[in-house]
Every structure is written in C-alpha cells, then in structure tokens.
Amino acid sequence: MSLDNFEELEVYREVNGWKCALALDRERQQSVAVNRLNLDSSISQEAIHEYQECIQRLRDDPHRNLLTVLEIGIDNDQLIVITEWLEAEDLLARKDRGMSFDQIVVMSNAIASALQHLHSHGIVHRTISPQSVLFESETQSVRLDLPLWNLCLEESAPAHDQAYYAPEVSSGQPHSEASDIYALGILLYTTFVGSFPWTDQSGMPRIRAEEDIIPRLPLSLPSLQQAIEDMLAFSPSARTFSYENTLAIGEDEINDVMTVGDVRYRSGTIDVSEIQRVARPLDQPVVSSSENPSKKSRFWLYSTVVFIAVVGVLASGFAYINFDGVRMLFYEIGLADHPELSERWRDAESLRLDQNQSLITVIAAYNKVLELDPAHNGAHQAIENEKRDRREDIHSRIRSDDFVVAQQWLDEYVTAVPDDAEIAPLLTELENRQRRDRLLADARPLVAAGMDDLASLDAAVLVYKTVLRLFPDSEEAERHLHDIAVMYVDAAIKAANASETQAARNFFDKAAKADPTAQELEEALDRVQVAEQLETEINTTIQHANTLFEEGRLITPPDEDNAVSTYRQVLALDPNNEEARLQLEEIEKRLIVQHKELLEEREFGAEANFVQAAERAGVTDLTLQEMSSARESVQQDIQEAVELYREAQSLFQRGYISEPENDNAIAVLIRAQTKDAQNSDVISLLDQCAERTATVAQEAFSAGLVGRAIQYMGLALSIQPMNDAWSRQYQQWRQRD
C-alpha cells in the first residue's frame, strides 16, 4: 500500500514505537487514523507476519466495541495500519470528570465484549490501559483502541504500561488471554479506587507478588470485590472471568448502590467545595466555649416593685422558652444576657430577605445567633424554612429541566447541609432527568436515518422505552415512538402489498412494540392478515400443483385438475410467484418434447388431441406455435419423402441402382429415409436395392472381379448391416483380395 492517498495532519500519540497521526483520506474524503511503525533489523519477519495476520482478521470481522481497521500494509520499510478516526476521549480524561457506578459497569461490559471478539479470533490485545479505552463523543459508546504491540522484543514497554502487566508477563512469559483479563482487572480497580493496588515505597505502581493481598474496594459489594479478585489472581489458571457479565452484581447489592446519592469515582484533584462536604455542617449550632457574660444587678427594680418583679420573672421565664420577641425585650432592658444577640438576629433576617445571598451565607448568619443562644427557636425555624424553600426551588428547577442551575443549587445545598437525608430524592431525580436527556440526545441521531437503518431504529425504540419507564410523562419519547411506529406501519403495508408476508409481519410487530396504542396499527394489521391468508392459499395451491407435476398430470385431464391450470391459479393470486413461473416454463419444455415424440411416431391423431389439451390448459402461444411449426415440418418431410420415393422407383426400374454417384436409386432413397424414417415403401425399395447390389457383387466375384465384388457387397451391407451371409462373403473376399 502507499501513503500518497493520505495527508497527515498531526501526530496525536506515540506508543511502543508506533506513531499515530490524524490524517485525511483523499480517496474516501474522510478523517482516518494512520498508525506507522518503522521496520528495522531488530524486528523479526515472524513478528511482522503474526501482527499482520491478527490485524487482517480484525479487518475481515469488525466489532462494534473495537476500532474499525480500514487498511493494512507495508510502505517504505514502515508497517502501516489505517483505522477509522473517532472524536473521543480516553479513560484518563473521563475519570478526571468523574464516572458513576453504572457508567463503569457499562464500560467494563463493552471492553469484555471487545476482548471476547479478540480472543475468539486467537488475538491477545497486550496493551490494555486507560489510553486504549475510548469514549465516543456523540454516542458515548465505549471502543477499545487498536492493539499496538511492541514488535521489537529487545525494547521494554513504558513504565505506565508495565503497571498493567500480569506477573507472568513481567517474568518473561508471553502475553495470553489470562494476561488481558489481569490488565482489565487493574483497569477497573484503578477506576473505582483512583490508585493502583500495589505500590513501592516511592508510591510508584509495581507488579503483584504472590504474597500480596488484593485491597478492599470503597464500596461494600461482595460480588464486585470477588469479580476483581478473580481477575487479579496471581496464577493465570486461577483467573476467572465472564465476558457476558463482567461485574456480576446481585440485585440486593444493586439496590444498595442505588441508595447512595450521586456516587462518582474520579482521579482528578479535589476542589474546596468537596472538602466542605466533609466539614462541620453550617446548620449545626456551635456552643460557645466562653461563659455567658455576668448578669447586671437590677436590685432597684426588684426592691421597688416586688409583685411586678415576681410576675415579670414568671412571664419572662415563659416567654424565654416560647417567644423570641419577648426575650429580645428583656435583653434590651437588661433582664437577659448577650446584648449583641438582637443585632445578630437582625443581620440574619436582613440576609434572608436578600435574594442575592447564598444558602451558605444565610445559614451561617443564623448559626451566629445560635452560637449565643443554642436554643433560639427562631434561628432553628429560619434555617429549616430556608432549607425547605431551597429544596422546593431545586425541585422546581429540576421539573423545568433547568439542570445547570439545579446542579449549582444542589452543590451549594450539599456543601451547606451535607447530612440532610431529604436532599437524596432530589439528587436521584436530577440524575434520572439528566440520564433521560442523555438518552434522548443519544436516540435522536438513531432515528434520523429512518427505515434505511433498521438496527439504529430498533435501538432508538429501546432507548425511548427506557425513558418512558423512568419518566412516563415524557412527551418527546412518546412522540418519537409514535413516529417510529408509523414508519414501521407504512413498511408493513408496503411489504403486505408486495406479498412479502414475513417482512410485513415483522414490521407490524415492531410497530406494535414501539407504540401499541397507535391508531394506524389497525389498518396495518388488516393488510398483514389478508397477506398471510393469501400466502396460506398460495402455498396450499402450489403444493397441490407440485403433486400434479410429480404425477405427470401436466395438462390432463383437460379442463380439470392438472398442473398447468393449478400453477395458473397461483399466478392469479400472486403474479410475481417465481416458483409457479419456473414450473410452468419447465412444463412447456416437457410438453414440446412429448409432442415431438408423437410426431416421430407418426401418431397424428394423438398429436392433435395433445395440442388441443395443451391449448385448453392454457400453455403459451409461443409453445402452441412451436408445436404447430413442428407438425407442419414433419408433414412437409413426409411429402418430400413420397416424392423422393417416386424418383427412386423410376431410377430403380431403369437400372440406376448405385450409379451415377449422386443420382441413383440408393442415394435418393437414403435422402427420403432421412425425411421420413417411417415410410415403409422407402424401406422396402431400399431392401430391393440391397439385394440387387448383393447379387451383382456375387456375379462380379464369380467373374474374377474381386475388387468390384467387395465394392458392391459393401454398398449392400450399408443398407442391411445385419445380413450375416453377406458379411461372411464380404470378409472372405477382403481376405483374398
């Protein structure tokens, strides 16, 4: 192959000696990935041949979770592999943004499916790492990158790749399917935990030793832990793995995972808001460590108005517990502690009324009140009211699909009140609605191709059904499902009209699955049922016609049950029935042969009846014309044979039996016999000519003319080759000659 058709734009990756570049395919007019490896003396021909064979198998049998190979070859001492180009991000970038548990499970199943395809073709990937796991930008589907091996055995792999090597590979054994499984186990572990299971003193990842124990995962899921341990077993023979269900999680464990709000696994740095989530809740009051200020003496009040003082003390005690406004009055007149409490209260109330203030700021202000008075009912109630109002605002934003603001307010709320159980339903609803929108976005391009891409259309139905299961009120999902159902209905009607019954039934079933309430289904069902009934009738009729054909009842009995008329009935029901058409053609060929046999036997009465029966059965005009022409030809030959006989008879009577060469009785009779082999007069006269010629031969022999005798006897034998007496004389004369 040649790289002249490819214009390289930029090198985006170098791994194991390979240079991977984005390029423009001038012939296909599309972006492709060009992977180049310089072939020097350190790379053996066996290694090159093995790699080419593996990549060729992937090209011949592509897989949805593997990059598609377009071309492979060698050009200017370079091994070239051309693959499709994807706008995608690898697992490293995806983990920096965070991944949910469900996303990790989907990713693991996709990688397992790709590995199953590779291993079924005898191919070991050898280079599984976060850089080889790609997330497509548009569909978010997971694809495994092309295996780019290090073909030079003298060079060692980079340290970050060796971290995914199985222990046996690090000790010099070749890569195997078990080492691919080990690499996938490391990949999944680092995705969940964010670090490698085994590191050295400097913190660098190292290969597992036999005595190493697999650390526990952050989630308490026994099945998940067991699956990882099975993949990371030290011995290759001890590793177990399910291609179909990589992370086999029990139903109870799945429910446990789903109760955790927005669990995400990531490898990036942690920002301040995440630290605040584990800090002290802002709505938890802090009891001041300092003692309350000393009470001022109010002796003059107690000594002057004893009764009023007693009543005031009782009233203030009651009000202190039940009414914050009265407490504020006593603070003002000096009967209570903390004179700055009222100022903090006013500040908090002022911040609460300011719509521009955040929930964190408002709760912090009320917490300042609680620092002075932990039992302040007003502050507690205000915090609860603010939390309730903010939850209602978040819920309203989620319901209106304003996910950006809802997420911002949720983050702020969780930062301010991290332990509030009432926020979990909102987190779940936001996640579900965002998932709904992602599903809807993924489904829209699947519908765009319509009936030209049935696989994508079926996938879209599954996506929209999933959306309706999560959100039964999704108008967009219902609308698209109805539109898809109408597409399938139209296809079912079209197939039914074309007598493609099975296709019509399949399309109808797909339509009913997409939208079982669609009114258009009724018409489609009627058309499909009519087509199925017609197909049943056609099949029954054609089976009967085949039976008649096998029994030889092609055109008999006439005007009744015969093969031709029955196949004609099939064509009346289905003009495009190929089997009936081909059988009729075969019947007409056989009829022509049978007609010819009747003519050869000179059964003209039977021949006339045969033609009449064929005509009534409905054979084509072309066949009837061929029969008529054959009959006319035979009749003409018979007449010509009669005329030739008369001519030969005249020659015989005049003695011109064998001479002159072309104008003698024998030559003319042979031409007559060619025209009509059944003419008895011709046969009788030929026999007379043979006997006369044999007599002349014997007379010539008696006269010593042996050569002449042989000539005439040979001529007689050409007419009657089975005459033994003549044959013996002929052989004796030849021996004497």
Side-chain angles (χ1 to χ4, degrees), residues 271-298 301 312-398 402 404-424 426-427:
D271 58 26
V272 175
S273 64
E274 293 175 294
I275 297 175
Q276 290 175 333
R277 294 186 185 188
V278 298
R280 176 181 62 82
L282 295 177
D283 63 337
Q284 179 178 337
V286 180
V287 180
S288 175
S289 60
S290 61
E291 297 182 357
N292 294 337
S294 61
K295 296 182 179 180
K296 297 181 180 180
S297 174
R298 298 292 182 266
L301 180 61
V313 169
L314 294 174
S316 65
F318 178 80
Y320 190 86
I321 298 173
N322 296 283
F323 188 64
D324 294 309
V326 177
R327 293 176 62 197
M328 303 302 291
L329 174 63
F330 276 92
Y331 288 138
E332 292 293 337
I333 64 176
L335 293 179
D337 299 328
H338 312 314
E340 69 273 25
L341 183 62
S342 122
E343 182 178 354
R344 293 190 180 186
W345 172 260
R346 286 193 298 270
D347 290 344
E349 287 289 276
S350 176
L351 291 173
R352 180 179 63 83
L353 296 174
D354 187 354
Q355 298 295 326
N356 295 322
Q357 297 299 326
S358 67
L359 180 65
I360 297 175
T361 302
V362 174
I363 291 179
Y366 282 114
N367 273 335
K368 287 185 174 294
V369 175
L370 294 174
E371 287 179 1
L372 296 178
D373 185 2
H376 195 288
N377 288 337
H380 282 297
Q381 188 60 46
I383 290 175
E384 291 302 318
N385 291 342
E386 283 297 303
K387 288 160 58 179
R388 184 194 66 246
D389 292 344
R390 181 48 60 93
R391 289 196 300 269
E392 291 177 354
D393 291 342
I394 293 172
H395 189 257
S396 176
R397 291 288 184 174
I398 293 175
D402 190 355
V404 175
V405 175
Q407 186 66 60
Q408 292 174 351
W409 287 358
L410 272 171
D411 292 342
E412 179 191 8
Y413 190 100
V414 173
T415 302
V417 195
D419 297 328
D420 189 356
E422 295 188 34
I423 202 64
L426 295 178
L427 289 167

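Just so you know, these numbers come straight off a predicted model, no measurement behind them.
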Problem set entry | Residues in side chain to side chain contact (heavy atoms under 4.5 Å, CB included) contact with Glu349, at least two apart in sequence or another chain | Trp345, Arg352, Tyr366
Can [X] and [Y] be counted as an ion pair, charged N to O under 4.0 angstrom?
| X | Y | result |
| --- | --- | --- |
| Glu422 | Arg388 | no |
| Lys387 | Glu384 | yes |
| Arg391 | Asp420 | yes |

For this session: Could you pull out all residues at least two apart from Asp402 that satisfy side-chain hydrogen bond (donor to acceptor under 3.5 Å, both in side chains)?
Result: Arg397
For this session: Could you tell me which residues satisfy side-chain hydrogen bond (donor to acceptor under 3.5 Å, both in side chains) with Gln408, sequence neighbours excluded, listed by chain and number?
Result: none
How long is the span from the [atom1] atom in [X] to the [atom2] atom in [Y], to the nearest 0.5 Å?
| X | Y | atom1 | atom2 | value |
| --- | --- | --- | --- | --- |
| Ile363 | Gln357 | CD1 | CD | 13.0 Å |
| Glu412 | Gln407 | CD | CD | 12.5 Å |
| Glu340 | Glu371 | CD | CD | 10.5 Å |
| Ser396 | Asp389 | OG | CG | 12.0 Å |

For this session: Answer yes or no: is there a donor N or O on one side and an acceptor on the other, between the side chain of Thr415 and the main chain of Asp411, under 3.5 Å?
Result: yes
Problem set entry | Leu370 backbone acceptor or donor facing His380 side chain under 3.5 Å | no
For this session: Determine the minimum heavy-atom distance between Lys368 and Arg344, stating which atoms define it.
Result: O-NH1, 2.9 Å
Exercise. Only one of Val414, Ile394, Leu359 forms a side chain to side chain contact (heavy atoms under 4.5 Å, CB included) with Trp409, so which one is it?
Worked result: Ile394
Exercise. Among side-chain atoms of Arg346 and Ser350, is any donor-acceptor pair under 3.5 angstrom?
Worked result: no
